[in-house]
Amino acid sequence: MMILILFPACRAEEDFSVNIALSQEPPVLDVMLNSSISGKMIAVGNIYEKLLVLDEEGRIKPELASSWTLSEDGKSLSFTIREGVPFHNGDVLEAEDVAASMNRWLDSTPSARSVTGGSYFRETGPLSVEIKGEGKLTFLPVMIASSPQSAVIMPAECIEQAAEDGLVTEFIGTGPYMFSAWRTGEYIELCAFADYKPYADDSSGLWGRKDAGIETLRYYFVPDEVTREMGFEGGIYDAYDCVSSDYLERLEEKGAKILQGGENGSIALVFNKKEGVALDQKFRQAVSLIADRDTLMRACYGDSGFSIHSGYMEKEQSLWLTDREDPYSVRDPERGKELLASSSYDGSTVRILSSNLTNLDKIAIALASSLESEGIDADVTVLDWASFIEKRKDSSSWDIYVSAMTKVPLPQLKTYLSPSFPGWFGDGELLERTEDLNDAGTLEEASMLWNDLQVDLWEYVPVMIPGHYSTIYAVSGDLEGVIISDGFYFWNAYRDASH
Amino acid sequence: MKRLIRRILSILLTLIVVSFAVFTMQSFSAGDSASYMISEEVGGAAADAYMKAMVPDDPFPVRYLSFLFSFLTGDWGRSVSGQDIAELITRKAGVTISLSFLSILLAVLIALPLSILSVRYSGLLRKAVSLSAVLIMAIPSFLTGFFLIIIFSAGLGLFPPAGYTSPSVSLLLWLRSLLLPSLTLALLHASLMIRIFRKALDENMSKPFTLSILAFGADRKSLVTQSALKPSLPVLYTLIASSLASAAAGSAVTESVFALPGIGSLLVSAALSRDARLSGIIVMLIALAVSVIYMLLECVLLAADPRTRREA
Amino acid sequence: MKRRRLVGIIMIVLIALLSLLLASAGTAAGSERLLSPSLEHPAGTDTMGRDLAGRIAYGVLVSFSIALPVSVISILLGITLSFAFSVSGFPTIPFLMLSDTMKSLPPVLLALFLNALSGPGMLKLIVALTVGNVPNIARLCHSRMMVLRSDGPSLAALSMGVGRIKVFMTHMLPFLLPYLGTEAVSIFSASILTEASLSYLGCGVPPMIPSLGSILAEARPVMLSAPWMIAFPAVILALIGIALEMIISGSSETDTASH
């Protein structure tokens with residue numbers, strides 16, 4: 001505590017702005033409806049805050065809530081809201097805003113809705129809300145804290161005034177930074193909110209005290225990695241994301257700080273289980289045995305920034321880690337070819353689809369190369385993100401697609417386990433068991449169910465997970481206090497003049 | 001006069017031919033670039049209705065004419081990712097235009113003195129210039145760009161290796177961000193210019209009127225600038241025009257190497273996103289721009305050399 | 001100057017033969033990423049661990065197999081057009097105006113547009129490169145045929161009732177061929193460079209086929225840490241370009257000398 005009080009005095013004179021280069025521009029900043037990572041990094045925690053967030057240890061901590069309770073039977077969840085929290089437009093946070101925001105979040109997040117059923121939040125007082133579900137709401141808190149579609153709180157009027165397409169037009173929140181400008185294709189600018197009051201004394205991960213030492217944050221969109229790196233070296237940017245491992249040595253020599261958190265997500269090779277060559281389970285198992293996971297991951301990430309394991313969830317999510325092994329994860333091309341011979345595979349060309357985002361297309365090419373070296377004809381189509389999403393919907397045009405799946409709080413949230421998502425998960429029994437996870441009474445119960453389910457999923461091979469990635473960030477040597485947690489956050493950043 | 005009329009006709013003809021070609025090819029692949037807007041849940045009937053709205057069942061000539069009309073009136077629609085095409089193009093046009101003009105300017109500044117000097121002082125200089133020109137033209141322009149980056153940016157740290165700073169932020173930074181890309185194109189165009197312009201100078205140097213002046217005792221070196229230069233200028237103007245015209249194509253590659261947000265890189269990303277509409281609009285615009293440039297060339301040539309006026 | 005042309009031809013043939021010998025797309029092998037040149041990998045390995053020398057050789061063959069059809073088709077087109085120009089009823093002026101409109105569609109632009117319609121492809125590439133040459137070929141043939149309009153022996157033969165085609169083949173074609181030949185080499189050279197640029201952008205040869213342009217595109221992020229990935233393809237491209245240039249400059253001297 002003493003040290004923290006000293007901090008303001010030790011800190012050098014406030015620097016005025018920090019320029020950050022991001023590899024992707026968010027399509028919209030309505031983070032409730034859109035789960036893009038760049039949108040989250042820019043808006044969540046900066047502009048908006050949530051009722052609950054996860055700290056460094058992954059524990060659920062209250063942010064805009066001052067306290068919260070899950071009833072004994074698990075069917076009712078209630079929150080007491082902090083008093084006197086100002087919005088950027090001058091209004092004060094009230095239960096009405098929380099209820100409206102949380103209900104909008106429920107309406108746009110199918111995975112949350114499947115937990116709450118038809119129930120919604122109601123105001124139970126000027127500063128309290130509650131939701132009563134028909135089933136158990138065991139998972140709702142962790143979803144509120146860490147769902148990819150963020151459960152952020154905004155004024156009720158913003159929601160009412162949302163545009164025809166359902167997106168909010170103004171970005172008003174309670175966070176330490178206000179939205180200032182968005183030059184499409186160039187940058188988004190945020191500036192410090194003068195009336196922000198920290199709600200805690202210390203900080204851990206995404207929770208806690210936010211000091212907004214930097215006056216202006218400017219997030220530039222620079223899809224080209226060479227430009228990001230060289231712009232950073234040239235001093236145009238103070239920080240950038242998705243650092244290629246090939247640059248690490250050079251960056252360290254120049255005095256930059258390399259930051260890396262845990263695993264942020266996994267690479268998934270999703271099979272087309274609706275039609276085509278991948279319809280046959282043996283084909284999928286064969287591909288899993290033939291592909292060289294190390295080569296696939298290195299093709300995209302270079303020498304570091306990834307780890308190879310086929311669990312669907314990330315390593316740090318200890319609840320969902322299984323002690324069993326994926327029988328198809330150890331490379332065995334001979335066995336793979338045997339399986340292929342006994343399957344219905346007729347020798348037709350395997351069509352691999354990929355976007356050209358952050359080197360994912362290299363994985364597709366490496367996969368094709370692996371297949372070709374075992375005599376399987378493979379062809380790769382690389383598309384821009386927008387047209388990739390479009391093409392993916394057409395089940396007659398691809399057999400395998402390459403995608404990066406971000407970390408999610410619960411396994412049933414992995415999109416490739418859904419029958420309606422491209423990939424078209426088809427096994428009825430496995431689907432039922434995935435949905436059963438929602439009905440688990442406790443997280444421990446769910447964890448045991450998942451342990452068994454994971455093994456059977458490995459056998460069914462809806463996807464092949466060659467490995468998980470952990471994004472590397474580079475930050476200027478004199479910038480301190482940058483928080484890494486599935487993204488990098490600057491609300492406690494400051495420039496260290498002594499550097 | 002007749003020539004000018006022919007030029008204007010040529011522009012119109014270009015417009016019709018190119019727009020017709022673009023339209024025909026687009027209608028054969030209407031399915032591929034469906035809108036980004038239809039969400040994943042919308043299927044079957046709704047998607048069909050949407051496609052029908054995009055490609056109405058009117059007869060071909062009617063559709064073509066309405067396509068041409070909407071192009072001419074600036075109603076260009078949206079790109080695959082939902083952005084307004086007219087807005088995209090107006091925002092990015094400035095970058096490409098400044099890149100093109102700056103590179104032609106640099107090319108002339110390099111080519112003109114070098115051509116004249118190597119005619120004046122043939123020998124080692126001429127050979128060195130020839131060799132450099134051959135080398136530069138032997139490799140694709142993006143390689144020249146790579147080498148410039150390695151030498152001037154990574155090596156000497158004088159210029160940013162990539163990225164664009166808009167002139168509204170800082171005029172100096174803007175010029176700096178454009179210098180290496182312009183130089184890349186300039187070196188290529190200059191090499192071509194030197195080769196052709198120098199040939200024209202040589203030819204004019206051995207023309208009867210020059211030889212007769214020499215016979216009267218004039219100094220060879222100053223002769224180059226006095227006598228051979230002026231008649232060679234039309235060749236230079238033609239070179240400038242054709243370089244400007246090919247700058248459109250050159251910019252696609254250069255803008256990608258140096259990550260400049262111009263029309264060239266917009267066309268490349270349209271190609272990568274299978275955006276038939278956006279790429280069609282850009283192609284038609286560039287075709288128009290190129291024809292206009294050639295027409296302007298014609299005017300300049302007419303003004304510069306009265307003799308051509310009589311050649312009908 | 002014929003010696004210069006000969007040296008150029010020899011260089012190209014040598015490069016082609018060497019490439020035929022060494023060409024190999026390579027297999028991705030993560031553990032062999034970015035190895036510097038060694039005995040086992042004379043040009044090192046690329047970002048996916050594939051042998052670079054084999055890929056460069058393959059790329060050369062791919063470039064040649066695109067440039068060759070383009071040049072050949074261009075020559076054939078030139079011959080056909082020249083014959084058409086010799087026929088008196090042929091609408092030369094309108095045709096030239098039409099072909100001039102194609103000048104506003106340089107190959108790179110046309111190729112990018114075709115890519116936007118349906119992705120990369122070898123055939124598309126050849127079409128785009130050929131169409132781009134039509135205006136130049138047309139103008140070249142036209143200007144040469146203008147000279148031949150008043151060619152004594154041809155007129156004499158025609159008036160004696162010799163067939164038009166025969167006159168064309170015996171009297172005019174031999175005059176045209178050197179020009180068309182030189183133009184074809186120019187087209188070959190330009191096609192190599194254009195294909196490299198398009199493949200660099202990802203809009204040339206399909207992604208699975210090695211190409212000098214796509215190798216250089218992969219090399220860009222590691223330009224400074226793995227310079228061999230740029231150096232070797234660059235040297236090969238330069239050698240090809242210089243050799244072709246020697247063929248062209250070696251030829252035009254003889255041409256102008258004989259006229």
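The chains referred to below are lettered A, B, ... by the order of the sequence lines, with proteins before strands, and numbering in each begins at 1.
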Q) Taking all non-hydrogen atoms of both residues, which atom of L61(C) and which atom of A16(C) are closest, and how far apart? A) CD2-O, 4.2 Å
Q.
Less than 4.5 Å to any heavy atom of chain C: does that hold for the side chain of L13(B), its backbone, both, or neither?
A. both
Q) For V134(B), is it the side chain, the backbone, both, or neither that has a heavy atom closer than 4.5 Å to a heavy atom of chain C? A) side chain
Q: Sort out for me which of V18(B), I139(B), I11(B) touches chain C most, counting heavy-atom pairs under 4.5 Å.
A: I139(B)
Q) With only heavy atoms counted, which part of A252(B) is less than 4.5 Å from chain C, the side chain, the backbone, both or neither? A) both
(Q) Tell me whether R33(C) is salt-bridged to D46(C), with the criterion being a basic N under 4.0 Å from an acidic carboxylate O. (A) no
**Q.** The single option from T101(C), L98(C), D100(C) passing side-chain contact (heavy atoms from CB on, under 4.5 Å) against T14(B)
**A.** T101(C)
Q) Do S211(C) and E195(C) pass the side-chain hydrogen bond (donor to acceptor under 3.5 Å, both in side chains) test, and can you show the C-alpha distance, the side-chain angles, and the key distance before you say yes or no? A) CA-CA 9 Å; S211(C) 138; E195(C) 181 269 320; 3.2 Å; yes
Q: Supply the atom-to-atom distance S71(C) OG to I66(C) CD1, rounded to the nearest 0.5 angstrom.
A: 11.5 Å
Q: Take I215(C) and Y200(C), measure what side chain to side chain contact (heavy atoms under 4.5 Å, CB included) needs, and give me the verdict at the end.
A: CA-CA 8 Å; I215(C) 293 176; Y200(C) 170 81; over 6 Å; no
(Q) Looking at R195(B), I'd like to know if its CZ atom is crowded, meaning that more than 12 non-hydrogen atoms belonging to other residues, nucleotides or ligands lie closer than 6.0 Å. (A) no
Q: Please look at F146(B) and chain C and tell me whether the side chain, the backbone, both or neither of the residue comes under 4.5 angstrom of a heavy atom of that chain.
A: both
Q) Non-hydrogen atoms of chain C under 4.5 Å away: do they reach the side chain of S246(B), the backbone, both or neither? A) neither
(Q) Can you tell me which of L239(C), L112(C), L114(C) forms the most heavy-atom pairs within a distance under 4.5 Å of chain B? (A) L112(C)
(Q) Under 4.5 Å from any heavy atom of chain B, what part of S197(C) do you find: side chain, backbone, both or neither? (A) both
Q.
Using heavy-atom distances under 4.5 Å, tell me whether I192(C) contacts chain B through its side chain, its backbone, both, or neither.
A. neither
Q) Side chain, backbone, both or neither: which part of L105(C) has a heavy atom under 4.5 Å from chain B? A) side chain
(Q) Between I293(B), L272(B), L288(B), V257(B), who has the most heavy-atom pairs with chain C when the cutoff is under 4.5 Å? (A) V257(B)
Q.
Less than 4.5 Å to any heavy atom of chain B: does that hold for the side chain of I242(C), its backbone, both, or neither?
A. both
Q: Before accepting this row, confirm whether a basic side-chain N of the pair E218(C)/R50(C) lies closer than 4.0 Å to the acidic partner's carboxylate O.
A: yes
Q: Under the side chain to side chain contact (heavy atoms under 4.5 Å, CB included) rule, what do R63(B) and F23(B) come out as? Steps first, then yes or no, please.
A: CA-CA 9 Å; R63(B) 278 191 286 136; F23(B) 176 73; 3.6 Å; yes
Q: Tell me, for L278(B) versus chain C, whether the close heavy atoms (under 4.5 Å) come from the side chain, the backbone, both or neither.
A: neither
Q | When V108(C), I240(C), L109(C) are compared by non-hydrogen pairs under 4.5 Å with chain B, the top option | A | L109(C)
